[in-house]
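Report on the structure given below.
In this text, all values refer to a predicted model and were calculated from it rather than measured experimentally. Note: hydrogens, waters and symmetry copies are ignored here, and every other heavy atom, side chains too, is used.
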Amino acid sequence: MRLHEFQAKALFKSYDLPVPLGVVVESSKGTTKALAKIKTRPCVVKAQVLAGGRGKAGGVRLTKTTAEARAAIAALLGSRLVTKQTGGAGELVRRVLVEQAFTLQHEYYVGLVIDRSRETPVLLASREGGMEIEELAARAPEAILKEPLDVTRGLQAFQARKIIYALGLTDPKLVEQGVQLLRNLARLGLDLGASLVEINPLALTKERGLVAIDAKLTLDDSALPRHPELAALSDPRDGSPLEARARKVGIHYVGLDGTIGCMVNGAGLAMATMDIIKLHGGEPANFLDVGGGANVEQVREAFTLILGDAKVRAVLINIFGGIMQCDVIAQGILEAAKMVKPRVPLVVRLEGTRVQEGRTLLAASKLAIRSATTMEDAAKQVVAAAQEAR
């Protein structure tokens, strides 16, 4: 579960991580009150959407006067912010965060991620903050410092000092502040079951030393039962309505910009399916994993979600029946088709447990289904079908 910046900073503050004074505005009526609390100028107005790249998209604005701040709030609230992570439709801005501005002397990057090869959380840090860590990793991987954590002990003081010195901080007060900041950040991540904690940039400011200018926090869904107070922070209005519907029935759906709908069981097979579609000249409209143990209701809802996307011109259903049985998938497809009459070609590839029963069910139906036996055959058929439907 991803949190908004203002939510992440509230949690940061509870762990004694230094953050700017900020106020959330959800309507024009709250503008005057918010600007009265943020007495200093300039101040920063930030769109609160669950996507990166806000600054480049105009979602973060430095305002020098109260009039400029009012104008920025009015312009952002209710707008749709389009970044490289949102897709062409963008994300609706329902809230903005108004914060005090600082004089930045240097920008660093620090973050906590899960290193699955080491099977442990790892603290990342770099002297080059303010840019996306993926870009830095591609351009200069040697610039990223990595320090693995012992999950039972957290980040030790000597590890934090090593990172702080490597970042070039030598002033005793800043070293002390930096060590405590890194240890608190690691403690927050471990306590809350976070899969990502990121401060980018962590700024050295003239006014307060080190300050978390931005904050990103993603919680592992599996940890949420231990933290019901955090689960309550999720807003069903955030993100795509289709993604929200998928979450309700326990399937994984991510909308994309292509024209070929995909329904697959298993994340790995789903990624491979998307890759082979692109290899043959198509563009996936979604990532959709119904999981290894989906029931008829989930399959029906998955099918309905795909067909509910107006961009979809053809659908590929690619199922390997291990735990999931092919006849269950087939039954779900047929039931969904009764509710939502398919307006686009369907290509189905079934393999695995009870595959013959599944194929028999589909063949006996009156649906215009194109059958495929291999992934390559399926990809070629669905790409051709999408092109024909233009």
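- Considering only residues two or more places apart in sequence or on other chains, Arg61 meets the side-chain hydrogen bond (donor to acceptor under 3.5 Å, both in side chains) condition with none of them.
- Residues Tyr108 and Glu128 have side chains that never bring a donor and an acceptor to within less than 3.5 angstrom of each other.
- Around the CZ atom of Arg343, the shell of radius 6.0 Å holds more than 12 heavy atoms that belong to other residues, nucleotides or ligands.
- When all heavy atoms of Arg54 and Leu81 are compared, the closest pair comes out as CG-CD2, 3.9 Å.
- Side chains of Arg70 and Ser28: no donor on one and acceptor on the other come within 3.5 Å.
- For Glu147 and Arg118, the salt-bridge test fails: no basic side-chain N is under 4.0 Å from an acidic carboxylate O.
- At a cut-off of 3.5 Å, with distance as the only test, no side-chain donor of Gln331 or Asp327 sits close to an acceptor on the other residue.
- If you check the side chains of Arg359 and Ser371, you find no donor sitting under 3.5 Å from an acceptor.
- Nearest heavy atoms, Leu17 versus Leu185: CD2-N, 3.8 Å.
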Q: Would you sort out whether Val98 and Phe6 count as a side chain to side chain contact (heavy atoms under 4.5 Å, CB included), showing the intermediate values?
A: CA-CA 10 Å; Val98 184; Phe6 76 91; over 6 Å; no
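- The shortest side-chain heavy-atom distance between Arg80 and Glu91 does not fall under the 4.5 Å cut-off.
- A donor atom on one side chain and an acceptor atom on the other are not found under 3.5 Å apart for Thr205 and Gln105.
- Within a 6.0 Å sphere centred on CZ of Arg139, other residues, nucleotides and ligands contribute more than 12 heavy atoms.
- Evaluation of the salt bridge (charged side-chain N to carboxylate O under 4.0 Å, His left out) test over residues 185-194, restricted to residues two or more places apart or in two chains, returns none.
- Of the N and O atoms on the side chains of Asp220 and Ser195, not one donor lies less than 3.5 Å from an acceptor on the other residue.
- A salt bridge between Glu26 and Arg94 is absent, with no side-chain N of the basic residue lying under 4.0 Å from a carboxylate O of the acidic one.
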